[in-house]
Amino acid sequence: MTTATPIPPYDPAELEPRWRQRWDVDELYRVDNDDPREPYYFLTMLPYTSGDLHIGHWYAISPSDTAARWLRMQGKNVLFPLGYDAFGLPAENAAINNNTHPKQWTYNNVEAMTRQMKTMGASFDWSREFATSDPEYYRWTQWWFLKLYEHGLAYRGSADCNFCPGCGTVLANEQVNRNDEGIGVCERCESIVEAKQMEQWMFRITNYADELLEFDGLDWPEPIKLMQRNWIGRSEGAEISFPLGRTIGGEDRITVFTTRPDTLFGCTFMVLAPEHPLVAELTSADRRVEVEAYIEQARRQNEIERQSTKREKTGVFTGAYAKHPFTGDDIQIWIADYVLLTYGTGAVMGVPAHDERDFAFASERGIDIPVVIAPPDWDGQSLAEAYTGPGRMVNSAQFDGTDWQDGKLAVADALDEIGLGGRTVSYRLRDWLISRQRYWGAPIPMIYCESCGTVPVPEDDLPVLLPDDAEFLPTGASPLARHEGFVNVDCPVCGEAGRRETDTMDTFMCSNWYMYRYVDPHNHDAPIGAELADQWLPVDTYTGGAEHAVMHLFYARFFAKAARDMSVLSIDEPFAKLFNQGTITKDGAKMSKSRGNVVNPDEWVGRYGADTVRLYLMFLGPWEAGGDWDDSGISGQWRWLNRVWNLALEPVDSGTEHADAIRRATHRMIGKVSDDIARFRFNTMIAAMMEFTNELQAIREQGTVDAAAWREAIDALLLCLAPSAPHITEELWQQTGHSGSIHEQRWPEFDESLARAETVTVVVQVNGKLRDKLDLPLGTSQQDAEAAARDSERVLAQIAGKTLHRVIWVPDKLLNFVAN
RNA sequence: GCCGGGAUGGCGAAAGUGGUAGACGCGGCGGACUUAAAAUCCGCUGGCCUUCGGGCCGCGGGGGUUCGAAUCCCCCUCCCGGUACCA
């Protein structure tokens, strides 16, 4: 070793803040819209202002920043912004617990998080930062609401809502999870959700159900696409009407939805949801007591036991009958709580032979179970269980012999002809309920007037400001409703006294459009200017957790399409490429304050510096897999950065040796790192650079090295490492005699011809088992390789006494003797 | 139940198209430096057996295809995520 003069130690505590300040002063990451380079929009999901920045934020952001920096070195004009999702319940809950105002709590957190976030050295353009609770921002959230209202995409309607008693507000369907017993619980506080009929604001996301099923041209993970498709739950089938023979409640028929119209002739009963509007009038006098008791019991256990799929199929007969649309046979009308009012038509036809639930229901009640789709080798006997597979129609009059698939269409079309049904499509997706009976959100900009009805707040009056002095403790009613100063307002149309809408919007409305605002964050005339929108949108790459598959990511897609149809944007989709990173855990469990297993990044940054922490998070494993934070591993990255430091700064014995070996290692490293970073394989990218430093160190041990090749090697290493470890590489770039920021340099060019080795290791197998390895010149012929292999004692010993049947030859790789 | 994803050393993990399993790192062991420790550097590190040449076994389990399987096919177990009477 030739450390004649000692080099200064690697001191991240000194160098990291110094460089961050310098970049700040130089506005290194300020994005210029007029930059002629190709624009690239790289976005990571905006964090919620929870206050405590934990290592999970770093896990999400470090690789994103690395990719964004790499794209810049590729010559792109990269927009990489950050802001805060700031409205929402935790702010209120924390405020209640700490006796501070949600606004104060939120903005304190914004400040603290920004301070912490900045220690990462991420290349965010902070001049575009905002919080969704900024009046200047939610003014436009309200503007979007007005647009949606104007275009008939926002409406107020009575709906069976999911009410969370814990949060004191209604929730969207997507915000209700199932617990282990299958009971609906609040996504946030896990309280059991109650059903409540309420007048609420909704968005017509169902208008876009079919378009949302399309993912053409999107580079999205398959599992997310699948989850969205399942959530939409499109199923093709038929509507079938069963005439009642009289008019009840204005209806002369009951309509069911089915995916199996081919089984219509096997229908022996029908079942309505207990809440079905016709039930009361249908019920015969002698059945009334029983039916009402059943409805009452179903309502009581609502949502709770009713969700369990395993329990017995209960139900009661209404005493009423409908007529089979083809045969005219009497069909008993039952009610049962396994039929849901919210899906299809709230009524189903009972075909016990070909539906498992109907079979269970019918066999317990002695209802006929006629077979109408013949199972394979069917002998005409009755069935022991429901048969739901393919087959030909039987006992189905003119349809006998028809294949079930053809039968589905044929029956639907025949019903269409007689006016009793036809083909139709049903969806599981419901409209998105956005009203929230909470304080800390964007007020819905509507006014109710005695004479004018529901009136939108005029655009010029936006924002409808959230009053600071509201009593925000949750009661189930909107806190704003008790604020007289807020509620009372003159009707903008007639000037008479009106009342404001007092619900606020679901915070997912705020995150529906934040990616557009970054593009034009200071626009006072519009949420986003058309020109800048065309320049930057859609987002090229979006990274974030998979937990928003059917919430944020789904809503945002709907919103983009709505914005397009309202002629505000001209994109079909908000995110061209989506990448889901995994979750970082501690001791195998999700980090949470209540578990007390939150890893604070500040502690580790203080100990090793930001670059080490960034590298360690990326080195843990594949980004999409997530990982467990283990304190002991981080020292590896620290040691390695110290080795890089020394390698770059320690003088070498200059000469002319090993030039080829150094260049080969250099270009192999450049090739591997370039490849990995493009595929977001940050763990193997770092491993490749580590391998490279190991090689350089080994070469240096062997004596003098070619000065030019060595210099190229160190430059390449620093450039390749710059996106991942921005501080140390900037320092070393300067100390090794360069001028200008390393982060404004071009990514090193990979030269494949320099990376190629002149010899390769050829593996020699006998019957597929490794027996020897040969070092042979690249491009050695099979003949020469075989000759070399036959010189090997170990190979000969294995072939001895055997007959050679075949020789498998994979050039420059493998030679396999097949013998026995 | 259904739909996705996964299981590789003591640990985190590598292995684009079937072709040297365990790269890289942590931890461990041994050595150098030091009065000593830390730090750093060097060597070894999947298991079992070994006459020290090597041999056998090893990618959740069991079958199969193939000259050759972590990788392809079939069956099974377990773990994680989604969904759940959707007609």
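Just so we're on the same page: letters track the sequence lines, and every chain starts at 1.
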Rounded to whole Å, please give me the gap between [atom1] in [X] and [atom2] in [N].
{"X": "A:Phe359", "N": "B:A87", "atom1": "CZ", "atom2": "C1'", "result": "17 Å"}
{"X": "A:Phe682", "N": "B:A13", "atom1": "CZ", "atom2": "P", "result": "17 Å"}
{"X": "A:Lys313", "N": "B:A87", "atom1": "NZ", "atom2": "P", "result": "14 Å"}
{"X": "A:Arg643", "N": "B:U40", "atom1": "CZ", "atom2": "C1'", "result": "10 Å"}
{"X": "A:Arg614", "N": "B:G25", "atom1": "CZ", "atom2": "P", "result": "21 Å"}
{"X": "A:Arg607", "N": "B:A39", "atom1": "CZ", "atom2": "P", "result": "12 Å"}
{"X": "A:Arg639", "N": "B:A38", "atom1": "CZ", "atom2": "C1'", "result": "12 Å"}
{"X": "A:Glu752", "N": "B:G16", "atom1": "CD", "atom2": "P", "result": "17 Å"}

Within the 4.5 Å heavy-atom criterion, are [X] and [Y] side-chain neighbours or not?
{"X": "A:Ile728", "Y": "A:Pro12", "answer": "no"}
{"X": "A:Leu770", "Y": "A:Lys773", "answer": "yes"}
{"X": "A:Leu620", "Y": "A:Ile584", "answer": "yes"}
{"X": "A:Trp645", "Y": "A:Ile7", "answer": "yes"}
{"X": "A:Leu796", "Y": "A:Glu793", "answer": "no"}
{"X": "A:Leu578", "Y": "A:Asp219", "answer": "no"}
{"X": "A:Leu212", "Y": "A:Ile205", "answer": "yes"}

Any sub-3.5 Å donor-acceptor pair from [X]'s side-chain atoms to [Y]'s backbone N or O?
{"X": "A:Asp812", "Y": "A:Gly779", "result": "yes"}
{"X": "A:Arg794", "Y": "A:Arg771", "result": "yes"}
{"X": "A:Thr780", "Y": "A:Ala785", "result": "no"}
{"X": "A:Thr268", "Y": "A:Asp368", "result": "yes"}
{"X": "A:Arg614", "Y": "A:Ser724", "result": "yes"}

Please output the side-chain donor-acceptor pairs of residues 675-690 of chain A that fall under 3.5 Å, not counting sequence neighbours, one pair per line with the distance.
{"unit_1": "A:Asp676", "atom_1": "OD1", "unit_2": "A:Lys672", "atom_2": "NZ", "d": "3.4"}
{"unit_1": "A:Asp676", "atom_1": "OD1", "unit_2": "A:Arg679", "atom_2": "NH2", "d": "3.3"}
{"unit_1": "A:Asp676", "atom_1": "OD2", "unit_2": "A:Lys672", "atom_2": "NZ", "d": "3.3"}
{"unit_1": "A:Asp676", "atom_1": "OD2", "unit_2": "A:Thr684", "atom_2": "OG1", "d": "2.9"}
{"unit_1": "A:Asp676", "atom_1": "OD2", "unit_2": "A:Met685", "atom_2": "N", "d": "3.2"}
{"unit_1": "A:Thr684", "atom_1": "OG1", "unit_2": "A:Arg681", "atom_2": "O", "d": "3.2"}

Hits for ring-ring contact (aromatic ring centres under 6.0 Å, His included) against A:Trp604, two or more places apart or cross-chain, chain-then-number order -> A:Trp629

Residue set satisfying ring-ring contact (aromatic ring centres under 6.0 Å, His included) with A:Phe361, at least two apart, ordered chain then number -> A:Phe269, A:Trp334, A:Tyr338

Expressed as a whole number of Å, how far does the [atom1] atom of [N] sit from that of [M]?
{"N": "B:U34", "M": "B:C29", "atom1": "P", "result": "23 Å"}
{"N": "B:U40", "M": "B:G25", "atom1": "P", "result": "14 Å"}
{"N": "B:G6", "M": "B:C57", "atom1": "P", "result": "30 Å"}
{"N": "B:A14", "M": "B:G61", "atom1": "C1'", "result": "24 Å"}
{"N": "B:G9", "M": "B:C3", "atom1": "C1'", "result": "34 Å"}
{"N": "B:G60", "M": "B:A70", "atom1": "C1'", "result": "12 Å"}
{"N": "B:G82", "M": "B:G30", "atom1": "P", "result": "47 Å"}

Result for 5'-nearest mapping on RNA chain B, choosing between A:Gly346 and A:Lys773, is A:Lys773

By nearest-heavy-atom nucleotide on RNA chain B, the more 5' of A:Gly233 and A:Ser635 is A:Ser635

Decide, yes or no, whether a salt bridge links A:Arg668 with A:Glu695 under the criterion of side-chain N to carboxylate O below 4.0 Å.
yes

Subject >> Aromatic plane relationship, A:Trp432 with A:Tyr555 - under 30° parallel, 30 to 60° tilted, over 60° perpendicular >> reply: parallel

A:Glu385 atom CD, over 12 foreign heavy atoms within 6.0 Å:
no

For this session: Using a cut-off of 6.0 Å, state whether more than 12 heavy atoms not belonging to A:Lys813 lie near its atom NZ.
Result: no

OP1 or OP2 of [N] under 4.0 Å from side-chain N/O of [X]:
{"X": "A:Ser426", "N": "B:C86", "value": "no"}
{"X": "A:Lys769", "N": "B:C57", "value": "yes"}
{"X": "A:Arg357", "N": "B:C86", "value": "yes"}
{"X": "A:Arg681", "N": "B:A23", "value": "no"}

A correct dot-bracket answer for RNA chain B, with pairs being Watson-Crick or G-U at under 3.5 Å, [ ] for crossing pairs and | for inter-strand pairs, is (((((((..(((......[....)))((((((.......))))))((((....))))..(((((..]....))))))))))))....

Give every pair of a protein N or O atom and an N or O atom of nucleotides 78-83 of chain B that lie under 3.5 Å apart, one pair per line with the distance.
{"unit_1": "B:U83", "atom_1": "O3'", "unit_2": "A:Arg428", "atom_2": "NH1", "d": "3.4"}

Expected list for residues 616-628 of chain A near RNA chain B, using heavy atoms below 4.0 Å, is A:Phe619, A:Leu620, A:Pro622

Ordered by number, residues from residues 683-697 of chain A within less than 4.0 Å of RNA chain B (heavy atoms) are A:Asn683, A:Thr684, A:Ala687, A:Met690, A:Glu691, A:Asn694

Contacts satisfying side chain to side chain donor-acceptor pair (under 3.5 Å) that involve residues 618-628 of chain A (not counting sequence neighbours) are A:Thr585-A:Asp628

Residue pairs meeting side chain to side chain donor-acceptor pair (under 3.5 Å), one or both in residues 344-355 of chain A, sequence neighbours left out, come to A:Asp355-A:Arg357

What is the nucleic acid contact for A:Arg234, judged by heavy atoms within less than 4.0 Å: base, sugar-phosphate only, or nothing?
nothing

- What nucleic acid atoms does A:Arg430 come within less than 4.0 Å of, heavy atoms only: base, sugar-phosphate, or nothing? nothing

What's touching nucleotides 49-55 of chain B from the protein side, N or O pairs under 3.5 Å?
{"unit_1": "B:G55", "atom_1": "OP1", "unit_2": "A:Arg771", "atom_2": "NH1", "d": "3.2"}

The glycosidic conformation of B:G9, counting syn as within 90° of 0 and anti otherwise, is syn

With syn meaning chi within 90° of zero and anything else anti, the base of B:G82 is anti

* Do A:His324 and A:Phe265 have their ring centres less than 6.0 Å from each other? -> yes

I'd like to know whether the aromatic ring centres of A:Tyr616 and A:Trp638 sit less than 6.0 Å apart in this structure. no

Could you go through nucleotides 4-10 of chain B and list every protein N or O atom that sits under 3.5 Å from one of its N or O atoms, giving the distance for each pair?
none

Nucleotide by nucleotide, nucleotides 64-73 of chain B touches protein heavy atoms under 4.0 Å in the pattern (B base, S sugar-phosphate only, - none) ---B------

